[in-house]
Number of protein chains: 2
Amino acid sequence: MRERTPTIHDVAARCGVNASTVSRAFTKPERVSPATRDRILAIAAEMGYRPNAIARALPSGRTRTLGLLVPDITNPFFLDLIRGAERAAAVAGYTLVLADTEETSQQETTVVERLTGAVDGFVLASSRASDERLREVHAKTRVVVVNRRVRPLPGVLIDSAHGTRQAAEHLASLGHRRIAYLAGPRASWSDARRWRTLQALARHRDLEVVRIGPLAPTVEGGMAAADSAVLHDVTAVVTFNDLLAIGVLRRLRDRGIDVPGQISVVGCDDIFGADFCHPSLTTLAAPIESAGRSAVDLLLGLLADGPDRPRTEDTEDVVLPTRLTIRESTGPAPASGRARGRSPRQRAATDRRTARAVGATR
Amino acid sequence: MRERTPTIHDVAARCGVNASTVSRAFTKPERVSPATRDRILAIAAEMGYRPNAIARALPSGRTRTLGLLVPDITNPFFLDLIRGAERAAAVAGYTLVLADTEETSQQETTVVERLTGAVDGFVLASSRASDERLREVHAKTRVVVVNRRVRPLPGVLIDSAHGTRQAAEHLASLGHRRIAYLAGPRASWSDARRWRTLQALARHRDLEVVRIGPLAPTVEGGMAAADSAVLHDVTAVVTFNDLLAIGVLRRLRDRGIDVPGQISVVGCDDIFGADFCHPSLTTLAAPIESAGRSAVDLLLGLLADGPDRPRTEDTEDVVLPTRLTIRESTGPAPASGRARGRSPRQRAATDRRTARAVGATR
DNA sequence: CTGAAAGCGCTAACAG
DNA sequence: CTGTTAGCGCTTTCAG
């Protein structure tokens, strides 16, 4: 930081050319005669010249930077997503700015406003903002949403409908008839979709599903909800995500309730840890890293369209499927499954209370 | 993106003042008369004016952005670090740029060069670059290293020496006499330090330690190394990090070797998952999130010093301790511990081979 | 193919 | 307190 880092002018002076020629030598080398170009490049290298990204961004309006907003970096789900996004960005020579919105639509707005102009576009993962708000963002900058369907924003969806169906059938075939669904954040698209799928299924198969939540999608949230599930007298639990499932596993273990002997547990996502927790988790494996990569690629595609060309309206969403991965946390329903000594009347009573767990964020 | 976003000039025109007054109204409000300031702010808000971060950075040279470089985002250790760093940056109103260097000093250099100028400073976590290279970086920009001691760069160190000692004593008191250390990346400062501590200890306590590695610090690396450890006929394994330990656990389980019945395992870091893997992991808990926070705070302090004031030379490093967390993966050494039917001669032979595992990155 | 000139949007002296 | 005047480092017409 002692001596000023050399600029395009310093290089130009040493080469005996104009600054704009140096600029060209870097940005449009084909428009400079090979001789001068080589000389410029050589001298620039020798002087340790580095183009200043900020200065470059000002006139061009392109920062070659992308913003990735996640509701909670703490959550390993987003770890995988971040990884995918970072890789895709790096491959394209883009820089990734990471921000945590702390599960809050307000923080999300603040960050977007602060970063607008400083990034070429956003990937909003599991956004907690309203559809309307997202459309506003879409109106002023390039944006791709993940795990949200908001017309006409381009999006990447991990669709668990098929997986959820598989999971329900898996449980049904093991003799489970009464299942709890531990719900995630209120604003979650995936959550709503999963719950609807489950409900639809319940009508066709002979299944009862009770919904517990919304819950903070964390291990703590799962621990708290496990008690509700027990109270609701179910033989199987399907959770919004693996963190919740891991919390359930832990709490049931603490209480001496055997999994899958007494209760089966199905998670969702197959995050880091799902395969080595105990018992290992049956879960709906989601291609999270691909989702991150796809989102960035989609965004990059949008940027390539150029700011002038009419934005492709109502883009086809990228839909990534989920698939059931069976491990140790699911098994046959216990023989006397439904009763466990409580009357249907008692059960109905507890059903009506909607349990909530306000979990700290891990 | 349809209509131009309003600039300071647009606001100035609407207010009937000069652009610089608008600028001041935002940056040094106390230097503008309350009346005009309020009018400017009101009109600016109404027009939806947002200061452009890029344009602001160009003249001031300060981007209010920090770069965080990690060798592998995939590794949950860095998840915690990223979280701490992100929080600290957010609190200070700074934006965090995240980059993965893929365990490569070359990538690290490239990224630093690309980002220099675009960020106010760097946090280099577990850098794989040479001391010399790091000093070069220090010469041209503000930088804080994590898990590296490179004079005179300011650094945050998670010092596992004390914890390692505790771990060794824990194992010794359980009757273990022959221990394997599964080493991490060659360029890791923490690794070197841990190994040296272990060696020093071995001399004082009646312990033998064999070193296996360097290994890719991943679950796969651990799985591969588990076989070496068995071959070396040890009763306990201490690993460079938890990922390695989890890999060992998994491999030993696959092979039907009981933990801690036949082999005890001690990890390091206490990452997400260490408490719910099976058996749960005895590990050296590291305050990773604090480390991330401290690193950013340290860097912010450096920036506050101003670019002119002589840089505080040879800063005191922030040293964070590690502490042993005992869980289920350690227990008494098996009765016939050392022998298991192999001669000391055979053992010596296998000792000499240094096992290596070239793990894919998870 | 290369030079000259005009900014990008904002900050920062320096006057007044 | 507010306006004027220069730029920050680079890109980009527009001439030549």
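Order of the sequence lines fixes the chain letters, A, B, ..., with proteins taken first and strands second; residue numbering starts at 1 for each chain.
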Member of Asn75(A), Asp100(A), Thr74(A) meeting the side-chain hydrogen bond (donor to acceptor under 3.5 Å, both in side chains) criterion with Arg83(B):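 Looking at Asn75(A), Asp100(A), Thr74(A), the match for Arg83(B) under the side-chain hydrogen bond (donor to acceptor under 3.5 Å, both in side chains) is Thr74(A).
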Out of [options], which nucleotide sits closest to the side chain of [X]?
X	options	result
Val17(B)	dG3(D), dT2(C), dT11(C)	dG3(D)
Arg24(A)	dC14(D), dC10(D), dT4(D)	dC14(D)
Ser33(A)	dC10(C), dT2(C), dT11(D)	dT2(C)

Please determine, by modelled atom types, if [X] and [Y] share a side-chain donor-acceptor pair under 3.5 angstrom.
X	Y	result
Thr36(A)	Ser33(A)	yes
Ser23(B)	Ser20(B)	no
Arg50(A)	Thr5(A)	no

Subject >> Partner of Leu98(A) under side chain to side chain contact (heavy atoms under 4.5 Å, CB included), chosen from Ile82(A), Leu66(A), Leu69(A) >> reply: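 For Leu98(A), the side chain to side chain contact (heavy atoms under 4.5 Å, CB included) test succeeds with only one of Ile82(A), Leu66(A), Leu69(A), which is Ile82(A).
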Starting at atom [atom1] of [X], determine the distance to atom [atom2] of [N], rounded to an integer number of angstrom.
X	N	atom1	atom2	answer
Asn18(A)	dG16(D)	CG	C1'	13 Å
Asp38(A)	dT2(C)	CG	P	11 Å
Arg62(A)	dC8(C)	CZ	C1'	15 Å
Phe26(B)	dG9(C)	CZ	P	16 Å
Arg37(B)	dT2(D)	CZ	C1'	14 Å
Ile8(A)	dT12(D)	CD1	C1'	12 Å
Lys28(A)	dC14(D)	NZ	P	14 Å
Arg31(B)	dC14(C)	CZ	C1'	12 Å

Within the structure shown, what part of the strands sits under 4.0 Å from Val22(B) by heavy-atom distance: base, sugar-phosphate, or nothing?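 Nothing, no heavy atom under 4.0 Å.
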| With sugar-phosphate meaning primed atoms plus P, OP1 and OP2, does Thr7(A) contact a base, only sugar-phosphate, or nothing at under 4.0 Å between heavy atoms? |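 Here Thr7(A) touches the backbone only, sparing every base.
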Review point. Taking the side chain from Asp120(B) and the backbone from Thr63(B), do they hold a donor-acceptor pair closer than 3.5 Å?
Key: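 Yes: the side chain of Asp120(B) pairs with the backbone of Thr63(B).
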| Does any residue of residues 40-59 of chain B have a heavy atom under 4.0 Å from DNA chain D, and if so, which ones, in number order? |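 Under 4.0 Å from DNA chain D: Leu58(B), Pro59(B).
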Just checking Glu30(A): does its CD atom have more than 12 heavy atoms from other residues, nucleotides or ligands closer to it than 6.0 angstrom?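 Atom CD in Glu30(A) is packed in, count exceeds 12.
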Practice prompt. Would you kindly check whether a donor in the side chain of Ser20(A) faces an acceptor in the base of dT11(D), or vice versa, at under 3.5 angstrom?
Written response: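 For Ser20(A), whose side chain was compared with the base of dT11(D), there is no donor-acceptor pair (under 3.5 Å).
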Margin query: Check the phosphate of dT2(D) against Thr36(B), side-chain N and O only, distance under 4.0 Å to OP1 or OP2. Yes or no?
Written below: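 So the side chain of Thr36(B) is within the cut-off, an N or O lying under 4.0 Å from OP1 or OP2 of dT2(D).
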- Task: Report the residue (Ser60(A) or Thr21(A)) whose heavy-atom-nearest nucleotide on DNA chain C is the more 5′ of the two.
- Result: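 Nearer the 5' end of the strand: Thr21(A).
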